[in-house]
Novice: 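What follows is a single structure, and I will ask about it in a moment.
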2 protein chains.
Amino acid sequence: MVRLSKKVEYGLIAIRHIATRARGELVTAKEVADAYGIPYEMLAKVLQRLTKAGLVLSVQGVHGGYMLARRPAEIPVSEIISAIEGGNPGIVQCLSDSPEICGVASTCTIKSPLTKVQANIERAFSAMMLSEIV
Amino acid sequence: MVRLSKKVEYGLIAIRHIATRARGELVTAKEVADAYGIPYEMLAKVLQRLTKAGLVLSVQGVHGGYMLARRPAEIPVSEIISAIEGGNPGIVQCLSDSPEICGVASTCTIKSPLTKVQANIERAFSAMMLSEIV
DNA sequence: GGAAACTCCGACTAAAACAGTCCTATTTCA
DNA sequence: TGAAATAGGACTGTTTTAGTCGGAGTTTCC
């Protein structure tokens, strides 16, 4: 029906793992990759995106690693997902950010009803905080 | 965030179009394709799947076409989607029908929390009936 | 009975997205 | 300086998606 990408899956596992640690403690990408059998380079890139989005903080150098930027109760799952996936493509092309290149645009009849469904889905992800999955 | 395929989009447009007609009146795939600028052969295949799933009835022959098998208020959008997309692949591979080939399966920590989110999404689609989008 | 109009069906191709890999900086610390 | 870590670009193979093609089966009309 709907499907999250592997990257999102990995990202959720990783950020949850980080969340289980004491606040301020650093966790390396390698540790997470080893713990769950996730390809290291893939995971590294996912964590970089989470860093860019301001969800986790990174420390470079030999004793570096990642830590949460906020408390788990303040991080909605929806934000994790959109940080990894990039934009916010709608449930249907029509509903995405990008201007209408829908093809059926002018005659599209299902756009407005689907807006409601989309809002429901987003609410489902927004309502769930990281703290709920640790 | 989540995205429906073009086929689903076309299917929704088509079945909605059919639903606007008088009960029992036949609508051809060509009519729908022309009306919305949808590739004919693609739409035909989508309608075939809807037929197989028992959502619409098809009549062959020169004055054939499609009509709804039930009243719009009795057709949930979720059923339309899964009729077109086939199985019901979960929000994450772990949650799909197929037995675990997840890779991280044994150590996967996010599976159970996501089950709730998935249930919410399915509810969002199940709650909306075809009659609500005509 | 034959042609036309339509549905039905499966195989095929092209393009895009996804998952994963590789390689190289850059930063930090011992 | 070298090891360990993040940062990030480029690349490849696989899968999914969108769309096409060709043909077969049905019904209706003449």
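A, B, ... follow the sequence lines: proteins, then strands. Residue 1 opens every chain.
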Novice: Once you round it to whole Å, what is the distance between C1' of C:dT7 and CG of B:L57?
Specialist: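 Going from B:L57 (CG) to C:dT7 (C1'), I get 14 Å.
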
Novice: Can you establish whether the number of heavy atoms outside A:R71 located under 6.0 Å from its atom CZ is more than 12?
Specialist: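 No, CZ of A:R71 has 12 or fewer neighbouring heavy atoms, counting only those of other groups under 6.0 Å.
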
Novice: Nearest whole Å is fine: how far is C:dC6 P from B:Y66 OH?
Specialist: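 Going from B:Y66 (OH) to C:dC6 (P), I get 12 Å.
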
Novice: Hey, are A:E25 and A:R21 close enough for a salt bridge, meaning a charged N less than 4.0 Å from a carboxylate O?
Specialist: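 Here A:E25 pairs with A:R21 in a salt bridge, since their nearest N and O are under 4.0 Å apart.
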
Novice: Please state whether the phosphate of C:dG20, meaning OP1 or OP2, lies under 4.0 angstrom from any side-chain nitrogen or oxygen of A:Y10.
Specialist: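 Affirmative; the distance criterion is met.
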
Novice: Quick check for you: name the first and last nucleotides of DNA chain D, 5' to 3', having an atom under 4.0 Å from a heavy atom of chain B.
Specialist: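 Answer, 5' to 3': D:dA18 to D:dC29.
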
Novice: Return the minimal non-hydrogen interatomic distance between B:M128 and B:I133, and the atom names on each side.
Specialist: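 For B:M128 and B:I133, the tightest heavy-atom pair comes out as SD-CG2, 3.8 Å.
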
Novice: On DNA chain C, does the nearest nucleotide to B:V27 precede the nearest nucleotide to A:P39 from the 5' side, or the other way round? Give the residue.
Specialist: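 First, find each residue's nearest nucleotide; the 5'-ward one identifies B:V27.
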
Novice: May I have the distance from A:H63 (atom NE2) to C:dT27 (atom C1'), rounded to whole angstrom?
Specialist: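 Those two atoms, NE2 and C1', are 14 Å apart.
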
Novice: Any donor-acceptor pair under 3.5 Å linking the side chain of B:E122 with the backbone of B:A119?
Specialist: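 Between the backbone of B:A119 and the side chain of B:E122 there is no qualifying donor-acceptor contact (under 3.5 Å).
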
Novice: What's the closest nucleotide to the A:E41 side chain, out of C:dA19, C:dC23, C:dC6?
Specialist: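 Selected nucleotide: C:dC23.
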
Novice: Any chance you could measure A:R123, atom CZ, to B:N120, atom CG, to the nearest 0.5 Å?
Specialist: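 That separation rounds to 10.0 Å.
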
Novice: Salt bridge or not between A:R16 and A:E132? Use side-chain N to carboxylate O under 4.0 Å.
Specialist: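 Not counted as a salt bridge, because no side-chain N and carboxylate O are separated by less than 4.0 Å.
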
Novice: Measuring from atom CG of B:L12 to atom CG of B:L4, what distance do you get when rounded to the nearest 0.5 angstrom?
Specialist: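 Going from the CG atom of B:L12 to the CG atom of B:L4 covers 7.0 Å.
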
Novice: Within this structure, what is the CD-to-C1' distance between A:E85 and C:dA19, rounded to whole angstrom?
Specialist: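 From A:E85 CD to C:dA19 C1': 14 Å.
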
Novice: Between P on C:dT7 and CD on B:Q60, what's the gap in Å once rounded to a whole number?
Specialist: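 It is 9 Å, rounded to the nearest whole Å.
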
Novice: Expected output is a numbered-order residue list: members of residues 44-53 of chain B with a heavy atom under 4.0 Å from any atom of DNA chain C. What is it?
Specialist: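 Only B:K45, B:Q48 qualify.
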
Novice: Is there a donor-acceptor contact under 3.5 Å from the side chain of A:R49 to the main chain of A:A83?
Specialist: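 Not a single qualifying donor-acceptor pair exists.
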
Novice: Is the backbone of B:S82 close enough, under 3.5 Å, to the side chain of B:E85 for a donor and an acceptor to pair up by distance?
Specialist: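 Side chain of B:E85 to backbone of B:S82, a donor-acceptor pair under 3.5 Å: no, none is there.
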
